[in-house]
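All remarks here apply to the structure that follows.
Basis for what follows: all heavy atoms, side chains included, without hydrogens, waters or symmetry-related copies.
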Amino acid sequence: EVQLQASGGGLVQPGGSLRLSCTASGLTFEDYTIGWFRQAAGKEREGISSLNTGMTRPNYRDSVKGRFIISRDTDKNTVYLQMDSLKPEDTAVYYCAAANLGREFNGLAPSWYNYWGQGTQVTVSS
């Protein structure tokens with residue numbers, strides 16, 4: 001059974017930082033692109049970052065470029081999302097997901113991903 005466990009969310013003040021983790025099991029981690037997505041209340045889920053299996057093509061949504069960094073630890077089957085300079089508009093439930101679409105794939109459209117984690121809440125508020 002494929003499982004993706006997202007963790008690291010919480011309450012942080014504007015300008016603060018959080019690091020999200022996504023640990024995968026039940027799949028061959030090296031074959032899967034892991035993406036991060038978020039869904040704010042009343043809004044559609046949006047892709048914010050992904051990293052291809054070759055770790056050569058990080059991809060970021062424009063609104064998080066320069067603030068978020070995605071990384072991958074193959075030994076731990078884990079992908080991280082370091083989030084700095086957080087803003088209130090970053091408040092959402094954050095999800096990780098996995099897609100097996102080739103070594104260069106780094107898409108951000110949720111429809112490309114077929115395995116999803118349970119989500120972790122990120123709240124940015126003073």
Side-chain angles (χ1 to χ4, degrees):
E1 179 187 6
V2 175
Q3 290 189 336
L4 298 173
Q5 182 70 40
S7 62
L11 173 64
V12 63
Q13 293 186 343
S17 298
L18 285 173
R19 189 177 79 156
L20 305 184
S21 300
C22 176
T23 300
S25 60
L27 51 73
T28 303
F29 186 72
E30 293 81 1
D31 292 341
Y32 282 80
T33 293
I34 304 296
W36 283 99
F37 302 81
R38 67 186 180 190
Q39 188 166 18
K43 295 186 177 181
E44 293 187 354
R45 190 170 298 188
E46 62 183 18
I48 54 172
S49 185
S50 67
L51 183 60
N52 66 313
T53 60
M55 295 187 280
T56 57
R57 303 181 65 213
N59 193 11
Y60 298 96
R61 188 177 191 84
D62 285 348
S63 60
V64 307
K65 284 181 180 177
R67 301 189 296 123
F68 291 9
I69 297 175
I70 191 170
S71 61
R72 185 177 177 118
D73 186 334
T74 302
D75 290 340
K76 295 182 179 180
N77 281 14
T78 299
V79 172
Y80 303 98
L81 186 68
Q82 177 66 40
M83 306 188 297
D84 298 324
S85 302
L86 283 162
K87 304 175 181 180
E89 51 263 43
D90 294 318
T91 295
V93 178
Y94 283 68
Y95 301 87
C96 60
N100 185 353
L101 292 172
R103 189 169 179 81
E104 301 301 316
F105 176 72
N106 68 349
L108 293 179
S111 59
W112 288 112
Y113 293 77
N114 49 348
Y115 296 114
W116 288 83
Q118 83 291 358
T120 184
Q121 176 71 46
V122 171
T123 302
V124 184
S125 174
S126 55

Exercise for the section: In plain terms, say whether D90 and K87 are close enough for a salt bridge, that is, a side-chain N and a carboxylate O under 4.0 Å apart. Expected result: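 Here D90 does not pair with K87 in a salt bridge, since their nearest N and O are not under 4.0 Å apart.
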Find out whether [X] and [Y] are in side-chain contact, i.e. whether some heavy atom of one side chain is under 4.5 Å from a heavy atom of the other.
X    : Y    : value
Y115 : Y32  : yes
M83  : V122 : yes
V79  : F29  : yes
R38  : L81  : no
T120 : S7   : no
P110 : W116 : yes

Closest contact, heavy atoms only, [X] versus [Y]:
X    : Y   : answer
N114 : A98 : OD1-O, 2.9 Å
R45  : Y95 : NH2-CZ, 3.5 Å
T78  : S21 : CG2-CB, 4.2 Å
N52  : T33 : CA-OG1, 3.8 Å
C96  : A6  : SG-CB, 4.0 Å
S125 : P14 : C-CD, 3.6 Å

[atom1]/[X] to [atom2]/[Y] distance, rounded to the nearest 0.5 angstrom?
X    : Y    : atom1 : atom2 : result
L101 : W112 : CG    : CH2   : 6.5 Å
S50  : I70  : OG    : CD1   : 6.0 Å
E46  : Q39  : CD    : CD    : 9.5 Å
I34  : L27  : CD1   : CG    : 6.5 Å
R103 : M55  : CZ    : CE    : 7.5 Å

Exercise for the section: Anything under 30° is parallel, anything over 60° is perpendicular, the rest tilted; go ahead and classify Y113 against F37. Expected result: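 It falls in the perpendicular class, over 60°.
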Practice task
Sort out for me which residue in R72, E104, E30 forms a side-chain contact (heavy atoms from CB on, under 4.5 Å) with T53.
Solution key: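 Of the listed options, the one satisfying the test is R72.
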Problem - Cation-pi geometry met for R67 and Y60 (6.0 Å, 45°) - result: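 No, R67 does not sit over the ring of Y60.
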With hydrophobic residues grouped by side-chain heavy-atom distances under 4.5 Å, do [X] and [Y] end up in a single group?
X   : Y    : value
F68 : V93  : no
Y94 : L108 : no
L51 : Y80  : no

Practice task
Verify the neighbour count for atom CD of E44: are there more than 12 heavy atoms of other residues, nucleotides or ligands below 6.0 Å?
Solution key: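 No, not enclosed.
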Practice task
Classify the side-chain pair T91/T123 by whether it contains a donor and acceptor separated by less than 3.5 Å.
Solution key: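 The answer is no; no qualifying pair exists.
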